[in-house]
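See structure below.
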Amino acid sequence: MATLDLMSSGLNTVRQGQYRANTAAAEIARVGVAPDLAARPAVPVQPATGQAAASTQVDSNRPVNLVDSLVELQQSQQEVEAGAAVIDTADEVLGTLLDVTA
């Protein structure tokens with residue numbers, strides 16, 4: 001059913017936005033923290049599945065670009081809002097379809 005695909009797409013967009021926000025927030029939190037030279041690079045994990053979220057490793061010793069992190073945070077907010085709007089629209093369409101068929 002197309003409305004379920006829309007809801008699934010909206011939910012995936014919200015999840016991606018949340019992951020982007022978490023990553024940007026972690027970068028912002030690293031500002032002012034001295035780099036740990038003994039730290040190994042880590043691969044971020046998706047919270048829902050536990051699988052690796054990216055194929056590239058995150059270098060925790062690289063300098064933080066605060067402007068890029070803040071831009072990522074704003075983009076993630078817009079991504080979550082867009083996903084929520086898709087979910088709302090799919091909900092309205094499904095409600096209309098149920099009203100028409102009932």
Side-chain angles (χ1 to χ4, degrees):
M1 182 179 245
T3 47
L4 292 180
D5 290 340
L6 283 174
M7 285 193 178
S8 177
S9 175
L11 186 59
N12 284 337
T13 303
V14 169
R15 283 185 187 145
Q16 289 173 357
Q18 287 176 332
Y19 175 75
R20 182 185 294 212
N22 288 342
T23 304
E27 288 288 316
I28 292 169
R30 281 193 325 115
V31 172
V33 175
D36 183 10
L37 300 177
R40 295 185 345 204
V43 176
V45 177
Q46 293 178 350
T49 62
Q51 297 175 351
S55 59
T56 58
Q57 293 184 341
V58 175
D59 183 9
S60 60
N61 290 326
R62 66 179 168 78
V64 175
N65 186 341
L66 188 58
V67 173
D68 287 345
S69 296
L70 290 171
V71 168
E72 283 286 319
L73 200 57
Q74 287 294 323
Q75 287 176 339
S76 67
Q77 178 184 357
Q78 293 174 353
E79 191 172 10
V80 169
E81 289 173 355
V86 168
I87 292 170
D88 285 342
T89 303
D91 182 45
E92 287 178 24
V93 168
L94 184 59
T96 302
L97 288 174
L98 290 174
D99 289 342
V100 168
T101 57

M7 versus I87, closest heavy-atom pair with distance: O-CG1, 4.1 Å
Value rounded to 0.5 Å, distance of CG in L6 from CD in E92: 12.0 Å
Nearest-0.5 Å distance that lies between atom CG in D68 and atom CD1 in I28: 10.5 Å
Atom pair CG (L73) and CD (Q78), whose distance is rounded to the nearest 0.5 Å: 11.0 Å
Q16 CD to L11 CG distance, which is reported to the nearest 0.5 Å: 10.5 Å
Minimum-distance pair of heavy atoms, taken over all atoms of E79 and G17: OE1-CA, 3.5 Å
Pair E81-Q77, side-chain donor/acceptor within less than 3.5 Å: yes
Between CD on residue E72 and CD on residue Q75, distance to nearest 0.5 Å: 5.0 Å
Side-chain (S8) to main-chain (D5) donor-acceptor, under 3.5 angstrom: no
Shortest non-hydrogen contact between S76 and A21, atoms and distance: OG-CB, 3.3 Å
